[in-house]
Structure formats: structure tokens, C-alpha cells
Amino acid sequence: MRLVEETPFRFRIDRHGDMRVPGVVFASRELLPPAGDGSLEQVANVAALPGIVGASYAMPDVHWGYGFPIGGVAATDARRGGVVSPGGVGFDISCGVRLLAADLDRRDFQRVREELMDQLGRAVPRGPGRGAVWDLPRREDLERLLRDGSRHAVDRGYGVPRDLDRCEDFGAVPDAEPEQVGERARERGLGQIGSLGSGNHFLEVQAVEQVHDARAAEEFGLHPDQVCVMVHCGSRGLGHQICTDHVRAMDRTMADRGITVPDRQLACAPVDSPEGRAYLGAMAAAANYARANRQVLGWAAGAALRRVTGRGLDLVYDISHNLAKLEEHEVGGQRRLLCVHRKGATRALPPGHPDLPRDLDAAGQPVLIPGSMGTASYVLTGVAGGDAFHSTCHGAGRRQSRHQAVRSVDAKVLRRDLERSGVAVRGGSARGLAEEAPTAYKDVDAVVAVAEGAGLCRRVARLVPLGVVKG
DNA sequence: ATGTGC
């Protein structure tokens, strides 16, 4: 793949083959994906989608994914034949991050460390399959949750109304269509409301180690040495089943519509078509399920903290990094309705954006970046003039495949090293730990520095782990 | 990511 270095933080893939727009890769030379990884070919493939506008973007944490790269952003013109593609969202619809700030500093944590980690370990269902904080919900609760997301979880006592001001979309994506969610997806979702899942999902106790922007940190409710809880999880089996169902449905209609794509995993349909609308309605419902999942888990973590210390947790923000959203953006001097796919990429709204609550006007939208296990995480904020439809990175980004990681890492040694470095570990299978070893990931400090250097966001605070409950 | 694979 031929790359043109435009700046130290921005590379271009010129149009070739079926590409309708160029590719843009935000990276440094060091962070560019290795040859053979396939992700830059995926950036070029995405550029061939009908209705794509601007460019096919890759963030500094880009790596290979299903159809679209993880760390990819692509927007299509919703009213002029632009398509929506489930592969541009990913199987874990609305996977994302919730950060809560404790009324506690890191010295207080050290005094209760073992007891608190034990309580969190018991309170947070994890691993594959069933088992959830909100067990035995009624069918009617699932319906409302698919439509109202965190709002319904709060209505049912899993949080307080103030939480909703700190949720993307105030707790629920509009236009969810629960009737587009199949029975199998519902059955899988019923027993998993308030559960981490596995893979790279976790709940972490962290401390604010460095503040880069004191004013924004204060507006987000963060200060040095403060203890925080970060939850990283998604829509579990429900979102996975929805993705599977709708990829299949779209795959069947592509030929009839005369849509051709360079990779079958880019199955898509026009936003304004029965299949496109059906997917977007079901996807929004899965997004609301994922938000409610994080709402319930944050509540469970707060209850555990209160039992051990008497202190509470306040929500800093909750944001999805796997989602397609209908948003208005200016393209070529015109306001247009775009379907912005962010897959392993985070929305980063600048200060004063109308979709933010007014008390975030000065600071902008909090962007939550989970690092790999045992490494730092970041809180960032959006910037005026940001590129890629107000988007930035979502994490460290894989450098090794799961298979490579398992071959090169001894889970027992990893667990011991984490404990020795002061990170208490609860849960996590041997295989799961090895797959998520920090050596399998890029350096999150470098990823975030490049995202900031490329003008996509600004650093607010750096957080370091004190304890992890591993999915 | 996922009751991990048509």
C-alpha cells in the first residue's frame, strides 16, 4: 500500500482501483500498521463504499477487523444513496467506556484494596455466557431498555437522574426500533444485563496520575490522585446476534441492488432502504442495551464501594466507540446528513457543540481511552476544527493477534507481574489474560500523543491502574 | 467481540 506522508501525523492513500475517496491514516511512522496486517487495504476497501464522503479514515490505533479496520471512520451521504454497513460498526455494537470518579484518593484505596477488590470481584459478573447484575428482567423491561437505554435502568433504580447528563445522547440513541431485534438476540440479551463479557472487557480501579488540562479536568470532576472506576464492555450476545442477522440480510440484497464491494464483509445497504433502516433501528436498540449494561455495572461498582468505604461514585461520562450515527456535518460548504460509522473510534465533540450538555460547553466532550491491561488510560476532550467528523482513537490498538499473544505470553507470569507492579487482579481466564497482555498492544501513550498531534483531540488526564476485574 | 467454528 502506497502512503504519502502529508505531515508527521497524517498519511494519505491516493485513490486507486474502486476507491471513491482517498484514505487518510492518522499515525506516526512508528505507529503505522506493519506490512501484511491488512488494515490499510481495508481502509482502501472502505473508500469504495457507495456514497462515502471526504475520506476513509484510520486512527492511530488502527488494526485489522471484520471488513472495516478497527480504528476506522467512514461517513456516507444518507440522502444521496449512501450506505450503512454493519461491518463498519462491528459485532460488539456500542461497545464503549464508562468512567466514574470516587470520592476517595489513592492512599484511601490502598487501605481497603483487598476487601474492595474482593467485593468488586463478587459484584461484577464476567466471562462468557449468562450471569448478570439485573437477573430476571421482565420482557417489558427489555423492551423499554432497548428503546430508552440508561434512562430505563435509572428508572428502575440503577443510578440517579444526574447520570443521564453524563451519557452520550443523554442515555439513549433516538430512533431505536426494538421490533427489528430478532427473538434469538432478545433471548441472548435477557440474561446479560449488567455483565462484562470477555475478551478486552474489564472493570478497572484507577488513579488520576497526571492532569494535562487542569480546567477541563475540574469540569469533568477529576483531580490528581483521585480514585476512578472505568468500565469497558458492550452489548454482549444481543449485539452480536443483531450484527449476524443483519449482515446476512444485507448480503442477500446487494446483488439485486447492483451494489458491489471489494470484500463481502463490507455487506451494506442504502441508509434509505428497508434493510438499511432495519439495521439502523436494531443497531440503535443494541446501543441502548449496551449503555444500560454499563449503567447497571457502574451502579453495582458504586454499591460495592459504598459497602466497603461509605463513599460513592459520580459519573464522569459514558461513550460508545462502535457505532454508526446519523449526524449533520458540513461537506463541501453544505450541511449534509451523514451516516458516520465509527468502529473502534470515539466521537470527540468540541467545546460548545449543541449536542453536549451546557455545563460541558467550555471543556468539550470527555473522550475515554482505555489502555491495555496494566497500562495507563486517558481522558481526552474534543477540539474545534477536529478532523474525521469529530472522531479520535478508542484505545491502544492491537499489535499482535490473539493467537500470537497466546503463543508468546505465560498467563501465570503475567498475573504475577501485574500484582508485583501494584495492580490487584480478580477474574480472567489464563487464555483471556494472555490474549490481553500489554505486549499484544501498541503503546497507549504514543497513540494518544499522535491523536493529539494530528489535531483530533486534546489530553486532559492520564490514569494508572490500581486493580482490575477481568472479563 | 461471540452460548468463539458452515
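Each chain gets a letter, A, B and so on, in the order its sequence line appears, and its residues count up from 1. The figures that follow rest on heavy atoms only: side chains count, while hydrogens, waters and symmetry mates do not. Model, not experiment: these values are computed from the prediction.
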Engineer: Would you say D118(A) has more than 12 foreign heavy atoms packed within less than 6.0 Å of its CG?
Structural biologist: yes
Engineer: Quick check on contacts: within residues 233-240 of chain A, what sits under 4.0 Å from DNA chain B by heavy-atom distance?
Structural biologist: R236(A), G237(A), H240(A)
Engineer: Scan G199(A) against the nucleic acid and name what it touches under 4.0 Å (heavy atoms): base, sugar-phosphate only, or nothing.
Structural biologist: sugar-phosphate
Engineer: In whole Å, what is the span from the CD atom of E436(A) to the C1' atom of dT4(B)?
Structural biologist: 14 Å
Engineer: Rounded to whole Å, please give me the gap between CZ in R130(A) and C1' in dT4(B).
Structural biologist: 18 Å
Engineer: Rounded to whole Å, how long is the line connecting atom CZ of R402(A) with atom P of dT2(B)?
Structural biologist: 9 Å
Engineer: Show me the donor-acceptor pairs within less than 3.5 Å that the side chains of residues 61-72 of chain A make with the rest of the protein, sequence neighbours left out.
Structural biologist:
{"unit_1": "D61(A)", "atom_1": "OD2", "unit_2": "H394(A)", "atom_2": "N", "d": "2.9"}
{"unit_1": "D61(A)", "atom_1": "OD2", "unit_2": "H394(A)", "atom_2": "ND1", "d": "2.5"}
{"unit_1": "D61(A)", "atom_1": "OD2", "unit_2": "G395(A)", "atom_2": "N", "d": "3.0"}

Engineer: Atom CG of D245(A) to atom P of dT2(B): distance rounded to whole Å?
Structural biologist: 16 Å
Engineer: Are any of the side-chain nitrogens in E275(A) or R252(A) under 4.0 Å away from the carboxylate oxygens of its partner?
Structural biologist: no
Engineer: Does R248(A) reach a base, just sugar-phosphate, or nothing at all? Heavy atoms under 4.0 Å.
Structural biologist: nothing
Engineer: Is there a side-chain contact between M283(A) and P86(A) (heavy atoms, below 4.5 Å)?
Structural biologist: no
Engineer: What's the CD1-P distance between I70(A) and dT2(B), to the nearest Å?
Structural biologist: 13 Å
Engineer: Report the relative orientation of the aromatic rings in H329(A) and H390(A); use parallel for angles under 30°, tilted for 30 to 60°, perpendicular for over 60°.
Structural biologist: tilted
Engineer: Under 4.0 Å, heavy atoms only, any strand: does E435(A) hit a base, just the sugar-phosphate, or nothing?
Structural biologist: nothing
Engineer: Can you see if the side chain of S198(A) gets near the phosphate of dT2(B) - specifically, an N or O under 4.0 Å from OP1 or OP2?
Structural biologist: yes
Engineer: Let me know the distance between OH of Y66(A) and P of dT4(B), rounded to the nearest Å.
Structural biologist: 17 Å
Engineer: What pairs with E183(A) under salt bridge (Lys or Arg N to Asp or Glu O under 4.0 Å), at least two apart in sequence or on another chain?
Structural biologist: R139(A)
Engineer: What integer distance in Å separates R264(A):CZ from dC6(B):P?
Structural biologist: 13 Å
Engineer: Within this structure, what is the NE2-to-P distance between H403(A) and dT4(B), rounded to whole angstrom?
Structural biologist: 19 Å
Engineer: So that I can tick it off, tell me whether R431(A) and E435(A) are bridged by a salt bridge, with the cut-off set at under 4.0 angstrom between side-chain N and carboxylate O.
Structural biologist: yes
